[in-house]
Amino acid sequence: MEKLFHTLLTLLLFAIHTLPPLAGSFPISPNFPAVFNFGDSNSDTGELTSGLGFRLRPPNGQTYVFKPPSSGRFCNGRLIVDFLMEAIGRPYLRPYLDSISPQSYRRGCNFAAAGSTIQKANAASISPFGFGVQVSQFITFKYKVLQLIQQDEEFERYLPSEYYFKNGLYMFDIGQNDLAGAFYNKNLDQVLALIPTILDIFQDGIKRLYAEGARNFWIHNTGPLGCLAQVVSLFGRDKSKLDEFGCVSDHNQAAKLFNFQLRDLFRKLPEQYPDSRLTYVDIFSIKSDLIINHSSYGFDHSIMVCCGTGGPPLNYNNQVSCGSTGKANGTTIIAKACSDSSKYVSWDGIHYTEAANWFVARHILTGKYSETASFWNP
Ligand SMILES: *[C@@H]1O[C@H](CO)[C@@H](O)[C@H](O)[C@H]1NC(C)=O
Ligand SMILES: *[C@@H]1O[C@H](CO)[C@@H](O)[C@H](O)[C@H]1NC(C)=O
């Protein structure tokens with residue numbers, strides 16, 4: 001009897017999973033009761049500034065009035081993850097280390113911190129919160145939350161219940177800094193050879209989250225690293241290193257191989273975790289399209305930065321970050337914002353403008369750049 005039941009259930013599940021997606025179906029759904037995010041500055045909503053105890057200087061956060069007022073985002077406004085939360089009618093994700101906030105963690109928590117790598121942080125790392133630490137933070141968070149709720153159900157008003165953890169969406173956008181960092185002391189071949197090791201560590205994090213009951217995974221691949229002004233200014237002085245669009249070829253090649261192997265891993269995960277659902281989002285294609293075809297999307301500049309100094313072609317100075325001042329040839333220079341950030345893809349040479357993030361989020365939401373994998377529908 002039980003066996004028959006199982007067979008029927010299996011057939012039913014099979015039928016559900018092989019149904020074609022509904023027309024206009026939504027790739028990121030409000031049905032996920034909570035969202036837990038892991039990553040770097042691409043999705044840091046204030047974690048690094050909270051964790052290290054500093055405030056980003058304006059004009060960071062200038063475009064959008066965040067509550068609380070200091071946005072902690074390396075951007076003039078909203079990030080991709082903010083737009084995704086808006087799309088499913090959720091508040092912006094509160095950083096795990098943000099102790100002063102009117103917001104609760106009921107609908108999720110953000111562990112992403114700027115500068116973070118998949119590999120363990122070292123003395124040279126900007127962020128001590130590498131992926132493994134972020135996963136450990138999540139595990140501690142969950143343990144404490146469930147303990148509190150067990151003591152007093154009232155806490156469910158502010159904290160995610162067990163059901164929320166189990167059915168929540170686990171999002172990832174990390175790896176960019178592993179590649180960027182590797183290029184400082186390795187040649188292209190050495191960087192490429194490092195990628196399987198980086199992805200092994202990533203997989204280990206997924207495994208730990210799965211062991212904690214995570215079942216819904218949403219993975220962003222990495223963007224065209226070689227098109228960032230920071231990379232162009234350091235590695236593109238020799239013009240033969242640049243491609244026809246002005247991006248550093250080696251860095252983009254590494255990003256492409258990273259994504260190729262990440263997708264391979266993604267496709268294999270359902271075999272190991274049969275009851276999980278996974279989505280892989282091709283951020284690289286969306287950002288490349290935006291950079292290469294920027295003028296047809298209403299942007300004037302693709303690589304030249306909005307908040308920088310030095311003027312064309314890059315308006316970027318490695319020594320003077322957005323919002324700060326420096327000295328050049330005895331005169332004071334200021335990295336300040338351009339007059340219309342909506343015409344720029346790059347905010348500060350490393351991070352994208354709100355306008356660019358909105359472009360990327362809109363493309364994610366079409367579902368056309370996503371691939372879904374599950375055991376039933378690999
Ligand atoms: C740029 O636009 C053209 C024309 O729409 C398209 O064929 C091409 O794939 C785009 N480039 C990228 C990198 O997406
Ligand atoms: C400083 O002056 C030198 C010589 O005139 C010039 O080549 C260089 O570009 C200047 N640096 C900046 C940051 O303006």
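When reading the values below, keep in mind they use all heavy atoms of this one structure, side chains included, and skip hydrogens, waters and symmetry mates. All ligand and atom numbering here is 1-based and tracks the order in the structure.
Considering R73, E86, Q103, R107 in turn, E86 is the only one that fulfils the side chain to side chain donor-acceptor pair (under 3.5 Å) rule with Y92.
In this structure, the separation between CD1 on I283 and CG on L290 is 11.5 Å, given to the nearest 0.5 Å.
Of the protein's heavy atoms, none falls inside 4.0 Å of atom 4 (C) of ligand 1. Within a 4.0 Å radius of atom 7 (O) of ligand 1, the protein contributes no heavy atom.
Within a 6.0 Å sphere centred on OH of Y163, other residues, nucleotides and ligands contribute 12 heavy atoms or fewer.
Linking Ile, Leu, Val, Met, Phe, Trp and Tyr residues whenever their side-chain heavy atoms come within less than 4.5 Å leaves F245 and L228 in two separate clusters.
We find that R267 and E371 are joined by a salt bridge, their nearest charged nitrogen and carboxylate oxygen being less than 4.0 Å apart.
Among protein heavy atoms, the minimum distance from atom 1 (C) of ligand 1 is reached at N293 ND2, 1.6 Å.
Near I292, meaning under 4.0 Å from one of its heavy atoms, ligand 1 places the atoms 13 (C).
For the pair S285 and ligand 1, the shortest N or O to N or O distance does not fall below 3.5 Å.
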